[in-house]
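See below for the structure under consideration.
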Amino acid sequence: MSALSPRQRQQLKGLAHGLSVSVQIGAAGLTDGVVDATNRALAAHELIKVKVGQGSDLDRKKGAAELAQRTQAHVAGVIGRVWILYRRDPEEPRIELD
């Protein structure tokens, strides 16, 4: 899986702007349930927003990188407590990156 270029990250952030949060992370952190929910959301949408709740003490960048690694996704952006994750659908890609 190749890394996203800065241009692709910017494109994905723009596409994610109007999206609602698909997955919420609570005080328990990156549980298997969060990973499963993220996998399901990525399979359905390719591009999702994940929100880290106030009760969580996850490091923003490290947590986003760990969740992306566990779901074979890319981190398109970390904005406050919201992470933008992207995973291309191997059979029917819906998002064409530059």
Side-chain angles (χ1 to χ4, degrees):
M1 179 166 53
S2 62
L4 295 172
S5 71
R7 179 184 204 139
Q8 290 170 328
R9 283 185 204 288
Q10 202 60 38
Q11 179 185 0
L12 290 169
K13 282 185 201 177
L15 291 171
H17 183 73
L19 296 179
S20 298
V21 171
S22 299
V23 177
Q24 298 235 10
I25 299 176
L30 293 178
T31 63
D32 289 342
V34 168
V35 174
D36 290 344
T38 303
N39 273 320
R40 285 192 304 275
L42 285 165
H45 304 290
E46 284 189 327
L47 183 67
I48 65 167
K49 284 182 177 177
V50 177
K51 183 166 187 172
V52 181
Q54 296 290 348
S56 177
D57 59 355
L58 275 175
D59 178 270
R60 297 177 328 132
K61 302 234 185 219
K62 287 180 186 172
E66 181 183 341
L67 183 58
Q69 187 260 328
R70 289 177 68 183
T71 58
Q72 286 88 45
H74 294 281
V75 177
V78 175
I79 303 164
R81 294 185 158 276
V82 176
W83 304 340
I84 301 168
L85 298 183
Y86 168 73
R87 183 175 71 198
R88 184 176 185 270
D89 186 310
E91 287 147 28
E92 292 184 37
R94 293 177 285 282
I95 298 172
E96 287 298 322
L97 295 177
D98 294 336

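- Across all their heavy atoms, L97 and Q11 have their closest contact at CA-OE1, 3.5 Å.
- Contacts of R40 classified as side chain to side chain donor-acceptor pair (under 3.5 Å), with partners at least two apart in sequence or in another chain: none.
- Residue R88 holds its CZ atom at 6.5 Å from CD of E96, rounded to the nearest 0.5 Å.
- Surrounding CZ of R7 are at most 12 heavy atoms belonging to other residues, nucleotides or ligands under 6.0 Å away.
- Side-chain contact between Q54 and R81: present, with at least one pair of heavy atoms (C-beta onward) separated by less than 4.5 Å.
- Annotation for S22 and A41: closest pair CB-CB, 4.0 Å, computed over non-hydrogen atoms.
- The environment of K51 atom NZ is sparse: at most 12 non-hydrogen atoms of other residues, nucleotides or ligands sit within 6.0 angstrom.
- Here the side chain of K49 pairs no donor or acceptor atom with the backbone of V82 at under 3.5 angstrom.
- A distance of 6.0 Å separates CD1 of I95 from CG of L12, quoted to the nearest 0.5 Å.
- Interatomic distance, R60 CZ to I79 CD1, rounded to the nearest 0.5 Å: 9.5 Å.
- At distances below 3.5 Å, not a single donor-acceptor pair connects side-chain atoms of E46 with backbone N or O atoms of Y86.
- Take N39 and apply the side chain to side chain donor-acceptor pair (under 3.5 Å) test, not counting sequence neighbours, and it matches R87.
- For the pair R94 and D89, the tightest heavy-atom approach, listed with the atom from each and the gap, is NH1-OD2, 3.8 Å.
- For the atom pair CG of D36 and CZ of R70, the computed distance is 9.0 Å after rounding to the nearest 0.5 Å.
- Listed by chain and number, the hydrophobic cluster partners of L85 are V23, I25, L30, V34, V35, L42, I48, V50, V52, L58, L67, V75, V78, W83, where partners are ILVMFWY side chains within reach of under 4.5 Å, directly or through others.
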